[in-house]
Structures are given as C-alpha cells and as structure tokens.
Amino acid sequence: TAGRSPGNYRLFDESALWCVEVIRNLRSLGLTVAEVREIAGIYLGQPDEPIAPQIALRVRAARSRIDARIHELRELRRRIDKFEAAHAVEVAAARRSDSRATDPRRRKQPA
C-alpha cells in the first residue's frame with residue numbers, strides 16, 4: 001500500500017491498480033487464483049524473463065478445463081433430452097399439473 005488516509009483507509013498507488021487490473025484480466029480468462037499466484041511469483045522472481053510464455057501455458061490449461069466442462073454439460077443436456085423423450089407423456093402431464101398426481105405410488109389400490 002501507499003500508506004493510509006486520515007480516515008485510516010488504505011491507499012494504493014498506480015502500480016497496485018495496474019496489478020489489480022492484470023489479476024482481473026487473468027481471472028476473466030479462466031485462470032485460477034493459484035495460477036495467477038504462480039504467474040506473479042515468476043514475474044516477481046525472474047523479472048528479466050518474458051512472462052508471456054508462462055501466461056500462454058496457463059491460458060491453454062484454462063481452455064482445456066473449459067472444453068472439458070463444455071463436454072460434460074453437453075453430455076448432461078443429452079441425458080436430459082433422452083429422459084424427456086422417454087418420459088414425454090409424464091413430463092407433459094407434470095407441466096400441466098402437480099407431478100405427484102402421476103406418481104404410481106399415490107394411486108389408490110383396487111379394494
């Protein structure tokens with residue numbers, strides 16, 4: 001920090017604001033807090049080394065995680081579609097009325 005205000009609020013200089021913006025941008029690309037921390041450690045520990053290759057490596061990892069999640073969500077949607085198709089009558093009835101009304105366990109048994 002750049003110190004404190006008379007009201008005891010922390011004050012930040014331009015470099016701190018720049019750092020916050022870099023972190024926000026990296027997080028918006030899907031990087032985890034741990035990955036951002038790794039990049040910061042490399043950037044601060046090896047200031048003469050280019051940081052772009054390290055960022056690119058982690059962005060590729062984020063893309064892989066996102067692609068895997070997209071695949072999982074597509075599979076889930078496929079299972080939902082299959083369920084709805086197999087139970088179209090029941091699903092339609094449930095949309096029109098209380099779904100408990102079509103529950104076979106609630107039907108009255110013949111006397």
*Would I66 and R63 count as a side-chain contact (heavy atoms from CB on, under 4.5 Å) if you check the C-alpha gap in whole Å, the side-chain angles of each, and the deciding distance to 0.1 Å?*
CA-CA 5 Å; I66 292 165; R63 179 188 297 273; 5.6 Å; no
*Near R4 CZ, under 6.0 Å, is it more than 12 heavy atoms from other residues, nucleotides or ligands?*
yes
*Which value, rounded to the nearest 0.5 Å, describes the distance between R74 atom CZ and L76 atom CG?*
13.0 Å
*In terms of hydrophobic clustering (I, L, V, M, F, W, Y; side-chain heavy atoms under 4.5 Å; direct or indirect links), are V59 and I51 co-clustered?*
yes
*asked:* Does any part of the side chain of R24, heavy atoms only, come nearer than 4.5 Å to the side chain of V20, both counted from C-beta?
replied: yes
*Are L29 and I39 joined in one hydrophobic group, where the rule is that I, L, V, M, F, W and Y side chains link up if heavy atoms are under 4.5 Å apart?*
yes
*Which atom pair, heavy atoms only, marks the closest approach of L26 to V36?*
CB-CG2, 3.9 Å
*Which pair of non-hydrogen atoms, one from S28 and one from N25, has the smallest distance, and what is that distance?*
OG-O, 2.7 Å
*State, with a plain yes or no, whether a side-chain heavy atom of R78 is found less than 4.5 Å away from one of D81.*
no
_Assigning hydrophobic clusters by single linkage (Ile, Leu, Val, Met, Phe, Trp, Tyr; side-chain heavy-atom cutoff under 4.5 Å), is L44 placed with V22?_
yes
*salt bridge (charged side-chain N to carboxylate O under 4.0 Å, His left out) with E35: which of R27, R65, R60?*
R65
*How many angstroms lie between atom CD of E21 and atom CG of L17, to the nearest 0.5 angstrom?*
9.5 Å
*Of all the heavy-atom pairs spanning A62 and G30, show the shortest one and how long it is.*
CB-O, 3.7 Å
*With hydrophobic residues grouped by side-chain heavy-atom distances under 4.5 Å, do L57 and L31 end up in a single group?*
no
_pair E72-E75: side-chain heavy atoms closer than 4.5 Å_ = no
